[in-house]
A.B. asks: 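I am attaching a structure below and will ask some questions about it afterwards.
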Amino acid sequence: MDKYDFYRTDLLVENEEMVRHRTEKEKQKLKDSEGIQFDERRQGRVILTSVKINAEGEKKIGKKMGTYLTLTNPTLTHTDREGLQEMANILKSKLTELTTGIKNLRTGKILMVGLGNREVTPDAVGPLTMDRLKEIVPLYYSDEGSELFVYAPGVTIQTGLETADFVKALVNEIQPDVLIVIDALAARDSSRLCKTIQMTDTGIHPGSGVGNSRKELSRETLGIPVIAIGIPTVVDGPVLIADAINTLFSYIASKIEEESNPSSRLSVGNWLHTPNKDADRTKLIPIFGDWTSWPHEERVQLFEEVLSNHDLNTFISPKEIDSWAALYSEVLTDSISEWIEEIKTSH
């Protein structure tokens with residue numbers, strides 16, 4: 001099968017070059033490579049991945065030079081308030097790191113923009129966060145004017161205006177010292193849905209992860225520092241199908257292995273168990289054919305090719321997406337509010 005990049009994702013850690021370096025040996029090779037500074041560590045339950053790319057690294061992996069931070073809590077659920085608070089605390093500290101070099105923030109202007117369509121729940125994280133953040137605007141308003149601005153410009157199909165043109169007009173009028181953009185993202189790994197936050201100082205291409213890329217929002221296009229914060233809320237349909245097939249193969253391979261296990265012969269009926277991902281899948285080839293041994297990426301490509309020919313391209317979000325969107329708007333608001341307060345009261 002020919003190699004194509006069918007994956008659509010907004011996450012740097014899911015970039016093809018990053019995916020190739022999943023093993024510890026490959027991660028070390030990435031750390032030692034020129035142009036890319038890679039670090040991965042655990043803070044409590046959160047896996048924090050930091051990638052810094054210079055001009056040489058940009059040529060190597062095709063991503064803009066700058067800093068990319070990814071916070072992931074693999075066990076997070078929409079009812080896990082403690083886990084969400086942990087994510088919020090780390091987000092605030094990392095936002096401080098990303099903005100340390102920006103001058104005049106204590107007395108300067110901060111512009112917050114929430115991208116997305118509030119009428120489509122998976123895309124509503126940005127606008128919902130702005131709804132909450134506007135409550136603190138009066139705290140930073142005086143006779144001299146405001147030091148904090150929040151806005152949700154909607155999407156082009158609602159306004160007829162390019163989002164980037166809208167934001168550029170705001171920047172020209174307000175002359176902020178920093179722009180912080182919040183948006184929903186697309187992932188290529190279903191296990192990351194609503195369990196990951198990406199932060200970067202490279203800006204953002206709205207809609208790029210779902211194949212609807214708009215004009216870039218960045219220092220290069222706006223002339224000011226741009227920090228982008230995103231939450232992956234959707235995954236490409238073919239990826240979800242491939243994940244389901246992979247789980248099915250693991251389950252069947254596990255059952256075949258258990259047939260030779262003496263303890264399994266004592267069972268008088270069906271039972272639930274966790275599939276063994278390391279089970280020998282070669283025994284599945286006579287049943288399902290060679291595709292049981294294909295890499296996950298090639299299965300995704302197959303489903304992408306089939307579904308694209310039948311107008312079945314879809315993006316999937318979790319069934320609890322209403323709760324996730326509301327919770328993340330709360331998490332982001334709390335983190336950003338605390339960050340602004342620290343900035344404005346620092347000496």
Side-chain angles (χ1 to χ4, degrees), residues 10 64 66 91 95-96 98-99 101-120 123-185 197-210 212-231 325 328-329 332-341 343-344:
D10 293 304
K64 286 185 66 174
L91 188 152
L95 183 56
T96 299
L98 285 175
T99 55
I102 302 175
K103 299 178 180 179
N104 304 322
L105 278 187
R106 191 176 72 82
T107 57
K109 299 177 182 178
I110 300 172
L111 172 61
M112 311 288 306
V113 171
L115 301 179
N117 187 343
R118 68 172 63 249
E119 297 175 6
V120 179
D123 198 30
V125 173
L128 290 178
T129 304
M130 295 305 107
D131 289 346
R132 288 178 175 271
L133 279 172
K134 69 183 181 182
E135 299 298 326
I136 69 169
V137 170
L139 300 177
Y140 303 99
Y141 186 86
S142 66
D143 293 338
E144 287 74 34
S146 183
E147 294 182 2
L148 175 64
F149 303 82
V150 302
Y151 198 72
V155 292
T156 303
I157 196 65
Q158 295 173 315
T159 65
L161 294 170
E162 276 284 347
T163 300
D165 294 339
F166 220 139
V167 175
K168 190 169 186 178
L170 287 174
V171 169
N172 290 340
E173 177 65 25
I174 296 169
Q175 295 292 304
D177 295 277
V178 65
L179 166 64
I180 297 180
V181 181
I182 296 172
D183 197 10
L185 306 179
I197 300 174
Q198 177 174 271
M199 308 172 67
T200 178
D201 59 5
T202 63
I204 190 171
H205 268 101
S208 60
V210 295
N212 186 30
S213 184
R214 318 305 298 184
K215 293 180 181 179
E216 178 178 289
L217 298 172
S218 65
R219 181 190 286 268
E220 289 76 17
T221 61
L222 299 174
I224 61 170
V226 178
I227 307 296
I229 302 174
I231 317 293
Y328 268 112
S329 68
L332 292 168
T333 299
D334 290 347
S335 299
I336 292 169
S337 298
E338 291 179 18
W339 168 75
I340 293 173
E341 184 178 3
I343 289 292
K344 295 299 183 181

A.B. asks: Taking all atoms of both residues into account, what is the closest heavy-atom pair of I204 and L115, and its distance?
C.D. replies: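 I204 and L115 have their closest heavy atoms at CG2-CD1, 4.3 Å.
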A.B. asks: Using the side chain to side chain contact (heavy atoms under 4.5 Å, CB included) rule, take Y151 and L170 through it: C-alpha gap first, then chi angles, then the decisive distance, then the call.
C.D. replies: CA-CA 9 Å; Y151 198 72; L170 287 174; 3.8 Å; yes
A.B. asks: Checking K344 now: which residues fulfil side chain to side chain contact (heavy atoms under 4.5 Å, CB included) with it, not counting sequence neighbours?
C.D. replies: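 K344 satisfies side chain to side chain contact (heavy atoms under 4.5 Å, CB included) with I110, Y140, E147, I340 only.
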A.B. asks: Would you name the heavy atoms of T156 and L161 that are closest together and state the gap between them?
C.D. replies: OG1-O, 3.1 Å
A.B. asks: Could you pull out the closest heavy-atom pair between V171 and L222, with the gap in Å?
C.D. replies: CG1-O, 4.0 Å
A.B. asks: Could you go through the side chain to side chain contact (heavy atoms under 4.5 Å, CB included) check for T129 and I229 one step at a time?
C.D. replies: CA-CA 11 Å; T129 304; I229 302 174; over 6 Å; no
A.B. asks: Go through V125 and L332 one step at a time and tell me if the side chain to side chain contact (heavy atoms under 4.5 Å, CB included) criterion holds.
C.D. replies: CA-CA 9 Å; V125 173; L332 292 168; 3.8 Å; yes
A.B. asks: Taking N117's backbone N and O only, do any of them form a donor-acceptor pair with D123's side chain (distance below 3.5 Å, no angle check)?
C.D. replies: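 Answer holds: yes.
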A.B. asks: Work out which heavy atom in L91 is nearest to a heavy atom in S335; give both atom names and the distance.
C.D. replies: CD2-CB, 3.6 Å
A.B. asks: Evaluate side chain to side chain contact (heavy atoms under 4.5 Å, CB included) for E341 paired with L139, printing each intermediate quantity in order.
C.D. replies: CA-CA 10 Å; E341 184 178 3; L139 300 177; over 6 Å; no
A.B. asks: Test your reading of the model: is there a side-chain donor-acceptor pair from D177 to the backbone of K109, 3.5 Å cut-off?
C.D. replies: yes
A.B. asks: Quick check: does any side chain N or O of T221 sit under 3.5 Å from a backbone N or O of S218, one acting as donor and the other as acceptor?
C.D. replies: yes
A.B. asks: Using the salt bridge (Lys or Arg N to Asp or Glu O under 4.0 Å) criterion, which residues pair with K64? Sequence neighbours excluded.
C.D. replies: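 For K64, the residues satisfying salt bridge (Lys or Arg N to Asp or Glu O under 4.0 Å) (neighbours in sequence not counted) are E216, E220.
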A.B. asks: P127 and A152: which non-hydrogen atoms are nearest, and at how many Å?
C.D. replies: CA-CB, 4.0 Å
A.B. asks: Strictly distance-based, threshold 3.5 Å: is any side-chain N or O of E135 a donor or acceptor partner for the main-chain N or O of R132?
C.D. replies: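 Not at all, since once roles are kept as given, no pair shorter than 3.5 Å links the two residues.
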A.B. asks: For T99, give me all partners under side chain to side chain contact (heavy atoms under 4.5 Å, CB included), at least two apart in sequence or on another chain.
C.D. replies: L95, I102, L105, I227, W339
A.B. asks: Can you see which heavy atom on G66 is nearest to which on T202, and at what distance?
C.D. replies: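 Smallest interatomic distance, heavy atoms only, reads CA-CG2, 3.7 Å.
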